Amino acid sequence: AATQGKAQEVSPEDQQKQADQALFQSVIDGSISDILAPELADSLEAAYYRQQTDPALVSLFEQAVGAYQNAMMSATAELA
């Protein structure tokens with residue numbers, strides 16, 4: 001029962017932060033299901049605006065953007 005109480009203490013902000021961090025990390029490590037999905041750029045941007053006051057998440061965002069750009073360049077190189 002003590003564990004349940006603890007779980008409920010996670011605020012919506014913390015849950016969002018965890019979700020945004022997981023999104024960035026999945027792009028960085030390549031585990032995201034579709035890195036070329038058109039809506040991914042919007043998702044990354046929205047997560048960045050939510051977390052822009054957190055230096056650790058901003059750093060992750062920058063790494064994710066780099067990985068995203070690399071994936072895009074690889075994809076377009078294959079089409080050429």
Side-chain angles (χ1 to χ4, degrees):
T3 316
Q4 266 185 332
K6 190 82 176 153
Q8 291 169 349
E9 288 170 32
V10 175
S11 68
E13 292 81 15
D14 285 346
Q15 289 178 338
Q16 185 65 64
K17 182 174 281 195
Q18 290 169 357
D20 291 343
Q21 184 174 358
L23 171 66
F24 296 155
Q25 194 60 54
S26 70
V27 174
I28 293 164
D29 63 25
S31 66
I32 192 159
S33 58
D34 185 5
I35 198 161
L36 302 177
E39 63 276 5
L40 179 58
D42 293 337
S43 297
L44 287 171
E45 185 179 25
Y48 168 74
Y49 284 119
R50 283 191 296 268
Q51 307 302 339
Q52 59 187 333
T53 57
D54 185 320
L57 286 180
V58 169
S59 176
L60 266 184
F61 168 75
E62 291 167 353
Q63 294 175 55
V65 168
Y68 176 72
Q69 289 171 333
N70 289 341
M72 285 300 199
M73 292 201 318
S74 294
T76 53
E78 288 168 17
L79 295 176

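Small disclaimer: the values here were computed from a predicted structure and weren't measured.
Across all non-hydrogen atoms, the minimal contact from Ala64 to Leu44 is CB-CD2, 4.3 Å. For Ile28 against Ala67, the heavy-atom pair with the smallest separation is CA-CB, 4.0 Å. For Val58 against Gln52, the heavy-atom pair with the smallest separation is CG2-O, 3.4 Å.
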So Asp34 and Leu40, side chain to side chain contact (heavy atoms under 4.5 Å, CB included) or not? Walk me through it.
-> CA-CA 8 Å; Asp34 185 5; Leu40 179 58; over 6 Å; no
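Within the 3.5 Å criterion, the main-chain N or O of Pro55 finds no donor-acceptor partner in the side chain of Ser59.
Rounding to the nearest 0.5 Å places CD of Gln25 at 13.5 Å from CD of Gln18. To the nearest 0.5 Å, the span separating NZ on Lys17 from CD on Gln15 amounts to 13.0 Å. The distance from atom OH of Tyr49 to atom CZ of Phe61, rounded to the nearest 0.5 Å, is 8.0 Å.
Cluster membership check: Met72 shares its hydrophobic cluster with Tyr48, using side-chain heavy-atom separations under 4.5 Å among Ile, Leu, Val, Met, Phe, Trp and Tyr. Cluster annotation: Ile32 and Met73 are assigned to distinct hydrophobic clusters (Ile/Leu/Val/Met/Phe/Trp/Tyr, side-chain heavy-atom contacts under 4.5 Å, transitive). Residue Val10 is not grouped with residue Leu23 when hydrophobic side chains (ILVMFWY) are merged at heavy-atom distances under 4.5 angstrom, including chains of intermediate members.
For the side-chain hydrogen bond (donor to acceptor under 3.5 Å, both in side chains) test, residues two or more places apart in sequence or in another chain that qualify with Gln51 are Asp20.
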